[in-house]
Amino acid sequence: MEWADLGEITLRSLAVSLSATALAAAIAMPFGAWLAVRPFAGRRWAVATLNALIGIPPVVVGLVVYLLLSRSGPLGVLGLLFTPWAMILAQVVIITPLIASLTHQAMRDLWLTYRDLLVSLNATQSQRLRLVLWDGRRALLTAALAGFGRAIGEVGAIMIVGGNIDHATRVLTTAITLETSKGNLWFAVTLGAVLIVLSLAVSLTAHALTRTERRAQW
Amino acid sequence: MVRLDGAALHRDGHRLLGPVTLALGGVGITAVVGPNGSGKTSLLRVLHGLDKPTAGAIFWDNPVGAPDQSFVFQKPVLLRRSVRENVALPLKLRGNSDPNLSDIAEEFDLTHLLDRPAVDLSGGEIQRVALARAWVTRPRLVFLDEPCANLDQAATAAVERSIAAQVAQGARIIMTSHSRAQVRRLAQDVVFVGDGAAHGPYPADGFFASPPDAARTWMEEGT
Amino acid sequence: MIRIALALAFILSATAGAGQTMRMAVTTSFQNSGLATVLLPEIEADTQLEIQMLVVGTGQALRLGAAGDVDAVLVHAPAAEAQQVGAGHATHRREIMYNDFVILGPKSDPAGVATATTASQAFAALAAARTPFASRGDDSGTHKAELAIWASTGAMPQGRWYVETGAGMGATLNTAVGLGAYVMADRASWLNFGNKADFEILFEGDPPLNNQYSFLPTNPARHPHIDAAAAKAVEDWLVGPKGQAMIGAYRVNGVQVFFPNATAP
């Protein structure tokens with residue numbers, strides 16, 4: 001790999017992980033809030049399951065996604081294996097439980113504060129969901145950033161389903177693995193530094209965008 | 001208007017209220033008084049329907065639908081939004097996306113605060129927002145849980161004026177208060193709650209002139 | 001927001017759109033030697049194909065071929081390759097070139113490997129000295145070749161001195177250097193390796209250390225979506241005069257590491 005490829009690889013890392021975060025958030029946030037707002041007996045079990053899923057090794061997720069997307073697998077006809085879409089799919093599976101769990105936790109606290117008021121006002125289930133999601137959006141941002149951080153730093157799953165193909169599916173983490181295997185340790189460390197700077201930049205940008213909108217403590 | 005028959009409320013093995021047997025009429029202000037932790041708030045919550053009684057029953061002979069009721073909590077919960085959004089909330093939840101708030105804001109002296117974030121308000125202002133939000137739907141029945149706790153004299157006077165004004169417009173109010181003076185000023189009748197059991201209602205004048213046995217200790221302790 | 005989404009979609013699809021794509025799984029040693037980087041642009045230019053290379057161990061490469069996930073594989077494990085063809089996963093096996101393995105270790109050579117006359121003797125000396133040895137342990141072509149040499153000594157390695165990394169060539173070299181352990185690697189990967197410390201080649205040149213690379217096109221009868229024509233084009237290029245010449249001309253630090261030996265079909 002050349003220095004000239006660094007920009008391309010960095011952009012691809014960003015594109016894959018931002019897309020995965022957006023998709024995972026679209027699934028996890030309503031689900032996490034729904035778990036927090038809806039009184040039902042299995043909630044503790046659902047939350048425990050969610051928290052257990054956070055700990056699934058990404059390599060296992062990668063293997064399962066590979067088996068699904070392989071030409072010999074059930075979704076093989078889609079031809080998604082070894083494309084960025086397969087990497088996005090794997091990352092979505094990896095970070096959705098994390099975002100859902102963090103969302104649930106934040107929304108639970110907010111809901112316990114709002115519950116009496118919203119029950120008293122006869123708010124419908126969907127009104128309750130929308131209210132806590134909107135009012136808890138700073139916590140949601142934190143949840144999304146945690147998911148993004150896990151996605152962009154992940155290597156085991158996307159190595160399997162993306163294949164680390166030059167100019168197609170190579171991202172920062174798989175490039176780090178490759179350079180390490182070549183014994184180019186300093187180059188690998190430099191790529192690691194780029195990864196950290198990238199994570200930091202995304203986090204700061206996200207916080208700056210919301211801070212200009214509303215007061216800091218919200 | 002409403003009758004409780006042996007109604008009780010338990011949670012996690014603790015008795016919060018009752019069993020209570022009690023009948024309340026349809027007009028004016030009823031004050032629920034009693035020592036801290038005696039179950040005053042629980043009584044209001046059961047009447048409003050926030051908590052279902054775990055024993056006994058509740059009968060309405062002229063039912064007041066949920067949309068015609070409001071509840072002002074002892075620690076008002078304001079959404080993390082502007083004052084305008086908070087006051088408009090009950091109307092928005094009913095599908096009125098752009099309600100006119102000028103009258104209600106005027107009534108509770110909130111006009112100049114409408115676009116402020118609710119988190120910036122003082123205690124008295126928060127209470128006025130909570131009251132305005134309770135009244136913006138023009139409910140027939142309003143529950144007030146210690147509406148003047150932690151307010152100074154001037155703020156208390158303003159809140160009491162607005163309560164009186166709403167009653168003049170025909171609202172029925174059931175409130176708790178730890179202030180005997182406030183109960184004297186506002187209430188037509190008094191319910192005494194001691195250790196979960198309810199006594200009364202007594203006409204307010206009579207309650208203070210010769211307190212019932214159950215309330216005598218409480219009367220002697222307080223101010 | 002929409003603009004960001006469009007930009008993301010563009011980055012994600014930018015590489016997929018252009019031209020016809022051929023997917024090939026190759027072994028880590030082929031990639032780490034640097035030969036892949038030299039050949040790929042030439043193959044792409046001459047065949048008008050966009051070649052996507054997956055760098056994996058021989059074992060995984062063969063499985064990708066069997067699953068129909070790649071159009072062809074380029075690997076080095078003759079016995080496993082014969083099985084792949086026998087099972088009908090590949091249409092045939094075409095020999096392309098060979099390189100050789102070398103035995104590496106710390107310059108001090110505590111086991112005295114340098115004085116051995118055959119690879120088998122060298123390994124026997126290692127087993128006798130019980131000095132640390134790092135093995136790929138990943139079912140790769142290099143791993144299979146190493147096991148074949150152990151088998152020729154009459155006893156398979158056992159004990160704490162025999163470390164299986166379960167990783168690729170580069171990662172195993174890193175481990176060996178870190179542990180001061182002997183290791184067997186293909187010459188090209190070693191010459192290209194950037195973290196050599198005080199390690200050097202202690203034994204080389206015995207015929208069992210030769211390492212044959214072959215090209216196996218995936219069977220289109222099993223997997224109709226396979227681009228057999230593209231695989232054929234790449235095969236023809238590799239065994240053709242230009243491909244064979246470029247393989248023979250490739251040098252790492254002035255050393256020839258691959259020897260073209262394609263035969264007519």
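Here is the naming used below: chain letters follow the sequence lines, and residue numbers restart at 1 for every chain.
In this structure the side chain of A:L118 never reaches within 4.5 angstrom of the side chain of B:V77, judged on heavy atoms. Residues A:N122 and B:R94 are not in side-chain contact: their nearest non-hydrogen atoms beyond the backbone lie 4.5 Å or more apart.
Both the backbone and the side chain of A:D116 come within less than 4.5 Å of a heavy atom of chain B. The part of B:L89 that comes within reach of chain A is its side chain, from C-beta onward, which places non-hydrogen atoms under 4.5 angstrom from that chain. When heavy atoms are compared at a cutoff of 4.5 Å, A:L131 approaches chain B by way of both its backbone and its side chain. For B:F73, the part lying near chain A is the side chain, with the backbone staying farther off; criterion is any non-hydrogen pair under 4.5 Å.
Minimum heavy-atom separation, B:L50 to A:S120: CD2-N, 3.9 Å. Nearest heavy-atom pair, B:K92 versus A:Q127, reported as atom, atom and distance to 0.1 Å: O-NE2, 4.5 Å.
The structure places CH2 of A:W134 at 13.0 Å from CG of B:L79, a figure rounded to the nearest 0.5 Å. Note that CZ of B:R80 is 5.0 Å distant from CG of A:L110, once rounded to the nearest 0.5 Å. How far CG of A:L117 is from CG of B:L78: 8.5 Å, rounded to the nearest 0.5 Å. Of the inter-residue distances, the one linking B:Q69 atom CD with A:L121 atom CG reads 11.5 Å to the nearest 0.5 angstrom.
Residue B:Q188 places its CD atom among more than 12 non-hydrogen atoms of other residues, nucleotides or ligands, all under 6.0 Å distant.
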